[in-house]
Amino acid sequence: MKHGTKSSLITLPSVSRRPAYLRLKKQRFLCKHCGHTFTVSTSIVPPHCFISNNTRLSIVLDAKMKTSEKDIAFRHSVSHATVNSLLQQLYQDFKVQRNFLPPHLCFDEFRSVKGVDASMSFLFLNAESGQILNILPDRRMPALIRYFMSYSRKAREAVKTVCMDMYSPYFSVVHQSIS
């Protein structure tokens with residue numbers, strides 16, 4: 001049965017560079033059988049949250065630009081801790097799993113940005129799905145061996161084939177760390 005409403009002030013993306021808020025009233029219900037109460041969910045915000053999904057998406061899009069977390073927080077009328085927490089959650093989704101490598105890998109390099117130590121960066125991907133597994137800022141042999149040795153032995157032994165160009169350090173990397 002209906003059991004009142006719960007009001008929330010939801011942070012929305014800014015409008016004309018001004019903070020925007022939504023006063024949201026959610027219907028609450030009481031279960032006659034067990035006596036517990038619950039609140040209706042909405043697609044605007046996740047449960048127990050006061051920042052809209054659109055604002056969260058806007059924060060993530062702003063994080064792609066070269067700007068500080070404090071500036072992003074100010075622009076979206078949220079705290080610096082909120083921006084940091086949201087970015088940490090995203091980081092967990094992209095964290096490399098060191099206990100798994102696919103059976104078929106592809107190695108390649110590409111010209112990278114000026115800020116890396118080497119002139120070329122290393123790219124490796126799953127040969128079956130085409131999914132990029134990681135991009136490393138250095139394609140030189142010591143850095144690659146150090147990186148692949150960070151994977152578990154079982155994961156490295158699961159690799160059956162490696163497709164690569166004729167860059168000689170790749171052969172050493174495969175023999176020393178993957179096979």
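Keep in mind it's a predicted model, so treat the numbers as computed, not measured. If you read the sequence from its start, that first residue is 1, and numbering goes on from there.
- A single hydrophobic cluster is seen to contain both Phe171 and Ile145, as judged by linkage of ILVMFWY side chains at heavy-atom distances under 4.5 Å, directly or through other members.
- Rounding to the nearest 0.5 angstrom, the gap separating the CD atom in Gln131 from the CG atom in Leu125 is 9.0 Å.
- At a threshold of 4.5 Å between non-hydrogen side-chain atoms, the residues Ile44 and Asn53 do not count as touching.
- Between Thr161 and Leu105 there is no side-chain heavy-atom pair separated by less than 4.5 Å.
- Shortest non-hydrogen contact noted between Phe110 and Ile135 is CZ-CG2, 3.6 Å.
- By the 4.5 Å heavy-atom criterion applied to side chains, Tyr21 and Thr11 are counted as neighbours.
- Rounding to the nearest 0.5 angstrom, the gap separating the CG atom in Asp71 from the CE atom in Met65 is 12.5 Å.
- Scored by the side chain to side chain donor-acceptor pair (under 3.5 Å) test, Thr55 finds Ser52 as partners (sequence neighbours excluded).
- The side chain to side chain donor-acceptor pair (under 3.5 Å) test applied to Ser77 returns no partner, not counting sequence neighbours.
- Glu69 and Asn84 share a donor-acceptor pair across their side chains, judged by distance under 3.5 Å alone.
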Q | Test side chain to side chain donor-acceptor pair (under 3.5 Å) applied to Thr82 and Ser79, step by step | A | CA-CA 5 Å; Thr82 298; Ser79 70; 2.8 Å; yes
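- The two residues Ile10 and Ile51 come nearest to each other via the heavy atoms CG2-C, 4.4 Å.
- The shortest side-chain heavy-atom distance between Asp108 and Met164 does not fall under the 4.5 Å cut-off.
- Leu57 and Ile72 sit in two unconnected hydrophobic clusters of ILVMFWY residues. Membership requires side-chain heavy atoms under 4.5 Å apart, directly or through other members.
- Applying the ring-ring contact (aromatic ring centres under 6.0 Å, His included) rule to Phe100 yields no partners; only residues at least two apart in sequence or on another chain are considered.
- The two residues Pro13 and Ala20 come nearest to each other via the heavy atoms O-CB, 3.4 Å.
- The side-chain heavy atoms of Lys25 and Lys6, taken from C-beta on, include no pair separated by under 4.5 Å.
- Residues in residues 33-44 take part in these side-chain hydrogen bond (donor to acceptor under 3.5 Å, both in side chains) pairs, two or more places apart or across chains: Arg28-Thr37.
- Put simply, the side chain of Val159 does not reach to within 4.5 Å of the side chain of Pro102, judged on heavy atoms.
- Counting heavy atoms from C-beta outward, Thr5 and Lys26 have side chains that stay 4.5 Å or more apart.
- Of all the heavy atoms in Leu30 and Gly35, the pair that sits closest is CD1-O, 3.4 Å.
- Note on Ile59: it does not cluster hydrophobically with Phe50, by side-chain heavy-atom contacts below 4.5 Å among ILVMFWY residues.
- Between the CE atom of Met141 and the OG atom of Ser177 there is a distance of 10.5 Å, given to the nearest 0.5 Å.
- Of all heavy-atom pairs spanning Phe122 and Asp138, the tightest one is CB-O, 3.8 Å.
- Using a 4.5 Å heavy-atom cutoff, the side chains of Arg156 and Met149 are in contact.
- Residues Val162 and Leu136 are members of one and the same hydrophobic cluster, defined by side-chain heavy-atom contacts under 4.5 angstrom among Ile, Leu, Val, Met, Phe, Trp and Tyr.
- Cluster membership check: Val40 does not share its hydrophobic cluster with Met1, using side-chain heavy-atom separations under 4.5 Å among Ile, Leu, Val, Met, Phe, Trp and Tyr.
- For the pair Ala158 and Leu101, the tightest heavy-atom approach, listed with the atom from each and the gap, is CB-O, 4.1 Å.
- To the nearest 0.5 Å, the span separating CD on Glu109 from CZ on Arg139 amounts to 4.5 Å.
- Listed by first and then second residue, the salt bridge (Lys or Arg N to Asp or Glu O under 4.0 Å) pairs involving residues 41-64 are Asp62-Arg75 (not counting sequence neighbours).
- Around atom CZ of Arg98, more than 12 heavy atoms belonging to other residues, nucleotides or ligands sit under 6.0 Å away.
- For residues 134-167, the pairs satisfying ring-ring contact (aromatic ring centres under 6.0 Å, His included) are Phe107-Phe148, Phe124-Tyr147, Phe124-Phe148, Tyr147-Tyr151, Tyr167-Tyr170, with sequence neighbours left out.
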